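Everything on this sheet refers to the single structure shown next.
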Amino acid sequence: MISAHLQAEPFDLAAEQAALVGSHTDLGAVVSFTGLVRADDGLIALTLEHYPAMTLAQMQAIAADAAARWPGVLGRIIHRHGRLLPGAPIVFVLTASPHRADAFAAAEYLMDWLKTKAPFWKREEWADGSTRWVEAKASDDTAKDRWTA
Amino acid sequence: MISAHLQAEPFDLAAEQAALVGSHTDLGAVVSFTGLVRADDGLIALTLEHYPAMTLAQMQAIAADAAARWPGVLGRIIHRHGRLLPGAPIVFVLTASPHRADAFAAAEYLMDWLKTKAPFWKREEWADGSTRWVEAKASDDTAKDRWTA
Amino acid sequence: MITLLYFAWVREQIGTDAETLALPAGITTVANLLDWLASQSPGHAAALADRSRIRVAVDQTFARGETPITGAAEIAIFPPVTGG
Amino acid sequence: MITLLYFAWVREQIGTDAETLALPAGITTVANLLDWLASQSPGHAAALADRSRIRVAVDQTFARGETPITGAAEIAIFPPVTGG
């Protein structure tokens, strides 16, 4: 079971990990990924726009897909939306499994999707007052393609 | 810079992550791995014996090696020793970098080493009163070999 | 009647985040819809000028130019997603 | 004088975690040392019976059978490490 969450609020790494592991005693490996808004030179803020009816459904679909590929993996993915400042946490993936290889593989798979295919659009605000919509990156498409080839 | 720590005490995931990221604003990706003592059927406790003069030095060497392979990565590795109960955290790797691929790769590299090459010996205590020294696993050697081939 | 949703710079260039309208006869695919929409205002024309930069979801499922839209309730038009 | 350290079941079978002793002449490699040590007591013999299960560090560096030990201060003898 891998759950998906879409929210404006920040998330609490330690609380999420404690909740996921819970009373499961067969888990030997827990992997977390936290994505932060990078303070690229002069970046003031990043705003994530999403498609309310579709974005969470797509996140739930990839979570179900990953759970089917790695049946022993428990996990959760969280993505924030709205206006975020540099340094803020923006995306979170947590996976747990008996052994480390599956936990790492599932976390990387989910992150490749979240970074490239999740229905978000990002608008950057710069110190000079300009704004810019981030373009989709070809390099991220390539990382995702490793899994579909 | 990747630091190495050897201790009997538990570690605090959120505090470690906050300390590592600190005031760095160029970090977009933070990966953590937490290894837990798995409660295999009837396991009462696991005791980790180490070689005081050598174990930490070896951990520091692999940390320096990983830092040289992935120059943009910051990190820390923590390994506990002594007697640990099922569910207890035993090993921790934290990496941070501008982009996710390096953070994941460095974390997996460090974990492969820690799980196979770190100078620890593990003794299991079982519910029937017996104890057993854990044997080195061939499968873990194989995972490590991916990096030296 | 069909609801059209716009996101990101498509929304900004068209000047609204949603509109509900009746499609003329003969508009049966995503490609037909984009051609017709582009003729509706200078904003629509500008937003849809470069079709390689436009993505479409029909009833919340990613679609292609030849995807039929007959009977669809909600069509979203947006730039390629940039992920998180 | 040289210090020998034992870990895990090697320590348990030999019955001590450390001993300091003078090596006889001719003990110049790790292999020589293990052969000689195995003759010192039934515990030593049992611990060192299967050399494929024995690993050695000379002055805190992993060593092989042919590694010279002349001048070494500390030699540790232990099972293959099992990691964390």
Side-chain angles (χ1 to χ4, degrees), chain B residues 4-7 11 33-38 46-62 77-82 84 88-93 110-124 131-144, chain D residues 1-21 23 29-30 33-34 37-38 42-65 67-84:
Chain B
H5 310 269
L6 180 60
Q7 61 191 48
F11 40 81
F33 178 93
T34 306
L36 306 173
V37 178
R38 266 184 297 122
L46 193 63
T47 297
L48 281 96
E49 184 167 330
H50 71 293
Y51 180 177
M54 190 171 174
T55 304
L56 181 59
Q58 292 264 317
M59 289 172 61
Q60 289 168 331
I62 195 71
I77 61 180
I78 302 175
H79 211 296
R80 295 177 71 187
H81 58 80
L84 299 171
I90 177 172
V91 58
F92 181 68
V93 167
L110 288 163
M111 276 309 306
D112 282 347
W113 185 88
L114 285 164
K115 288 292 286 182
T116 57
K117 306 288 184 185
F120 290 97
W121 300 275
K122 294 189 283 200
R123 193 182 58 179
E124 298 169 338
T131 66
R132 186 179 77 91
W133 288 97
V134 176
E135 297 282 332
K137 269 189 256 167
S139 64
D140 273 335
D141 280 334
T142 305
K144 175 62 171 60
Chain D
M1 300 295 282
I2 196 164
T3 298
L4 301 180
L5 303 178
Y6 307 122
F7 293 100
W9 52 258
V10 173
R11 169 177 57 72
E12 291 181 340
Q13 293 192 7
I14 292 179
T16 183
D17 59 359
E19 54 189 330
T20 298
L21 40 77
L23 296 183
T29 67
V30 165
L33 173 67
L34 296 180
L37 266 183
H44 287 84
L48 304 175
D50 181 356
R51 299 292 162 81
S52 72
R53 300 178 68 212
I54 293 295
R55 298 292 181 273
V56 176
V58 175
D59 288 336
Q60 295 149 31
T61 300
F62 286 113
R64 302 158 62 97
T67 301
I69 62 170
T70 308
E74 177 179 295
I75 296 182
I77 302 173
F78 43 78
V81 301
T82 49

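A, B, ... follow the sequence lines: proteins, then strands. Residue 1 opens every chain. Treat the numbers as computed from the prediction; the structure is a model and nothing was measured.
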Looking only at non-hydrogen atoms, find the nearest pair between D:Ala18 and D:Leu5 and report the distance.
CB-CD2, 3.7 Å

Given a strict heavy-atom distance threshold of 4.5 Å, which part of B:Gln58 is in contact with chain D: side chain, backbone, both, or neither?
side chain

Using heavy-atom distances under 4.5 Å, tell me whether B:His81 contacts chain D through its side chain, its backbone, both, or neither.
neither

Checking D:Thr3 side chain against D:Glu74 main chain: does a donor-acceptor pair fall under 3.5 Å?
no

Can you tell me which portion of D:Arg55 sits under 4.5 Å from chain B's heavy atoms? Options are side chain, backbone, both or neither.
neither

Within 6.0 Å of CZ in B:Arg132, more than 12 heavy atoms from elsewhere:
yes

Okay, side chain of B:Thr55, backbone of B:Ala118: is any donor-acceptor separation there less than 3.5 Å?
no

